[in-house]
Amino acid sequence: MNNIFHVDVNSAYLSWEAVYRLQMGEKKDLREIPSVVGGNEENRHGIVLAKSIPAKKYGIQTGETLFSARLKCPELEVVPPRYHIYMKCSQEMEELLKRYSPNVQFYSIDEMFIDYTNMEKKFGNAIDAAYTIKRQIKKELGFTVNVGVGPNKLLAKMASGLKKPDRVHTLFFDEIFEKMWPLPVNKLFMVGGRTAKKLDVLGIKTIGDLATEDISKLYKIFKSHGVLIHNYANGLENSKVRNEPMPIKGLGNSSTFSFDVCSEKEALMLLLSLTETVATRLRRGNFRAKVIKIHIKDKDFFTFSHQRKVVNPIQSTDAIYSVVKELFLEVWHKKPIRKMGVALGDIYTSDYEQITFWEEDDKTKRMLDKTVDNIRKRYGAKAVFRSCFLHSGIKPLEGGVIDNEDYPMVSSVL
DNA sequence: TCTGGGGTCCTAGGACCC
DNA sequence: TCTGGGGTCCTAGGACCC
């Protein structure tokens with residue numbers, strides 16, 4: 001029998017912010033008052049990123065606007081995010097977990113899987129170990145977690161989500177009926193708002209309803225996703241706890257601007273800036289890309305995208321930007337823009353042998369990009385930038401939550 | 001009233017090939 | 001008047017995760 005743990009930091013950003021502030025000598029604990037970590041409203045990033053449990057009691061939800069959160073609780077304390085601190089806390093937790101098993105999967109900044117299978121002889125039975133881990137994180141790092149214990153990653157994750165905070169829960173196969181099936185169907189991993197709504201129309205309200213529904217009926221409506229969630233509702237999932245990060249399939253950067261962009265000149269400058277950011281990340285990973293995409297959200301929140309596959313994989317800022325510019329001019333019809341993004345797909349590793357065949361980027365451009373990348377690495381992102389950004393009011397490197405640093409994200413893949 | 005950013009995967013529809 | 005059927009590749013859009 002496999003024993004998988006899922007460790008989930010309770011209200012991660014908010015807990016970490018609270019711990020840091022207490023360490024800095026602040027008297028009040030954000031976790032004990034209605035509070036949220038939230039984006040900057042002036043820059044139109046005003047949403048709730050994390051909430052305290054007292055804030056949750058007012059019905060405040062992650063992702064909702066700070067405006068709406070304040071309507072629910074006028075005395076709400078709002079603090080800005082500090083991603084560097086959260087990264088540090090996350091890394092410390094990962095190090096701690098590695099004491100208990102060599103096989104720890106960094107699933108997201110605040111969620112990790114541990115494969116505890118066959119570790120019993122070293123650290124005792126699984127449930128005791130889960131409690132020890134929870135206690136140790138609280139004692140050494142100052143924040144609380146939920147630990148879910150189960151026979152696979154899906155059930156471990158569902159277990160950690162049961163009752164919060166500071167709890168250990170198990171979800172073995174013989175507990176599914178009692179602990180998981182009565183839950184509303186949207187609590188199931190991979191059943192989001194859209195699917196839950198469609199299921200509701202079909203009379204499927206709980207995870208149990210979904211688990212016992214006819215699979216061919218689900219397939220007809222939801223295709224492969226229907227089969228997936230039916231399996232999940234029955235606790236069936238068998239992916240490995242992965243030590244190594246998943247190979248990168250694509251990367252992108254986007255930005256919501258503090259004002260609606262109306263001129264072509266300004267839009268192109270912002271796209272160049274976004275291209276710089278994403279191309280720098282591409283080169284840092286020693287990659288090249290064949291698919292170049294842009295996406296645009298206009299002032300009415302209507303979003304659309306445009307992409308092109310090029311024959312030879314490219315890497316230089318200039319080569320990527322020339323495609324980005326083409327794409328933009330092909331789709332933009334002068335409607336004011338709220339947000340834009342540049343993304344790269346169809347990624348290849350760029351080893352030395354191959355480079356001689358890539359004629360797309362000439363040698364001069366490669367050298368220039370490399371030089372600029374190195375200067376930025378040594379002296380910071382602002383040390384050198386294109387002169388067109390001077391006095392333009394536009395940042396030379398748009399996008400990204402942390403300047404000049406990779407920030408680990410999460411996908412819907414276990 | 002205000003509504004982030006960065007990922008992965010899937011599907012539909014059209015182009016194109018034999 | 002009636003007009004194949006696969007297969008692959010590409011693009012746009014939408015679902016999900018945190």
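Proteins get letters first, then strands, A, B, ... in listed order; numbering begins at 1 in each. Just so you know, these numbers come straight off a predicted model, no measurement behind them.
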Rounded distance in Å between the P positions of B/dT3 and C/dC16: 23 Å

Separation between the C1' atoms of C/dC17 and B/dC2, rounded to whole Å: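 Going atom to atom, C1' in each nucleotide, I get 23 Å.
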
Contacts of type side chain to side chain contact (heavy atoms under 4.5 Å, CB included), residue [X], not counting sequence neighbours:
X        : result
A/Ile137 : A/Val7, A/Met93, A/Leu96, A/Leu97, A/Ile133, A/Leu141, A/Phe143, A/Val145
A/Lys138 : A/Thr144, A/Asp166
A/Ser263 : A/Lys265, A/Glu266
A/Gln61  : A/Glu64

Within the 4.0 Å heavy-atom criterion, would you say [X] contacts the bases, only the backbone, or no part of the nucleic acid?
X        : result
A/Ser255 : sugar-phosphate
A/Asp110 : sugar-phosphate
A/Val191 : sugar-phosphate
A/Glu111 : sugar-phosphate
A/Gly193 : sugar-phosphate
A/Phe301 : base
A/Gly46  : sugar-phosphate
A/Leu251 : sugar-phosphate
A/Gly250 : sugar-phosphate

Under 4.0 angstrom between [X] side-chain N/O and [N] OP1 or OP2:
X        : N      : answer
A/Ser254 : B/dG6  : yes
A/Asn253 : B/dG6  : yes
A/Lys249 : B/dC9  : yes
A/Arg70  : B/dC2  : no
A/Lys309 : C/dC10 : yes
A/His306 : C/dT11 : no
A/Thr256 : B/dG5  : yes
A/Thr195 : C/dC16 : yes
A/Lys293 : C/dT11 : no
A/Arg308 : C/dC10 : no

Atom pair distance, as rounded to whole Å: [atom1] in [X] and [atom2] in [N]:
X        : N      : atom1 : atom2 : value
A/Leu414 : C/dC16 : CG    : C1'   : 11 Å
A/Trp16  : C/dC18 : CH2   : C1'   : 11 Å
A/Glu237 : C/dC16 : CD    : C1'   : 15 Å
A/Leu14  : C/dC18 : CG    : C1'   : 16 Å
A/Leu274 : B/dG4  : CG    : P     : 15 Å
A/Asp298 : B/dC2  : CG    : C1'   : 16 Å
A/Leu76  : B/dC2  : CG    : C1'   : 15 Å
A/Glu42  : B/dC2  : CD    : P     : 13 Å

Salt bridge check, [Y] against [X]: does any charged N sit closer than 4.0 Å to a carboxylate O?
X        : Y        : value
A/Asp200 : A/Lys205 : yes
A/Arg70  : A/Glu41  : yes
A/Asp115 : A/Lys240 : no
A/Asp214 : A/Lys220 : no

Nearest-nucleotide comparison on DNA chain B, the residue closer to the 5′ end among A/Lys299 and A/Ile248: A/Lys299

First of A/Phe222 and A/Val413 reached from the 5' end of DNA chain B, by closest nucleotide: A/Val413

Side chains of A/Phe189 and A/Leu414 in contact at under 4.5 Å (non-hydrogen atoms): yes

Non-hydrogen side-chain atoms of A/Leu30 and A/Ser52 separated by less than 4.5 Å: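 A/Leu30 does not reach A/Ser52 side chain to side chain.
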
When you get a sec, tell me which of [options] is the closest nucleotide to the side chain of [X]?
X        : options               : result
A/Phe189 : B/dG5, C/dC17, B/dC2  : C/dC17
A/Arg194 : C/dC16, C/dC18, B/dG4 : C/dC16
A/Tyr107 : C/dC16, B/dG4, C/dC18 : C/dC18
A/Ser224 : B/dT11, B/dT3, C/dC16 : B/dT11
A/Lys157 : B/dT8, C/dC17, B/dC2  : C/dC17
A/Phe67  : C/dC16, B/dG4, B/dT1  : B/dT1
A/His45  : B/dG5, B/dT3, C/dT11  : B/dG5

A/Ser273 (side chain) donor-acceptor with A/Met269 (main chain) under 3.5 angstrom: no

Test item: A/Asn146 side-chain N/O and A/Leu162 main-chain N/O as donor-acceptor pair under 3.5 Å: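 No: the side chain of A/Asn146 does not pair with the backbone of A/Leu162.
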
Under 3.5 Å between N/O atoms: give me all the protein pairs with nucleotides 12-15 of chain B, atom names plus distance.
none

Anti versus syn assignment for C/dC2, with syn defined as within 90° of 0: anti

C/dT1: syn or anti, per glycosidic angle within 90° of 0: anti

Ring geometry between A/Tyr13 and A/Tyr86 (parallel below 30°, tilted from 30 to 60°, perpendicular above 60°):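 Plane angle under 30°, so parallel.
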
Secondary-structure stems for DNA chain C, with pairs counted as Watson-Crick or G-U when both distances are under 3.5 Å and runs at least 3 long: B:5-18 with C:5-18

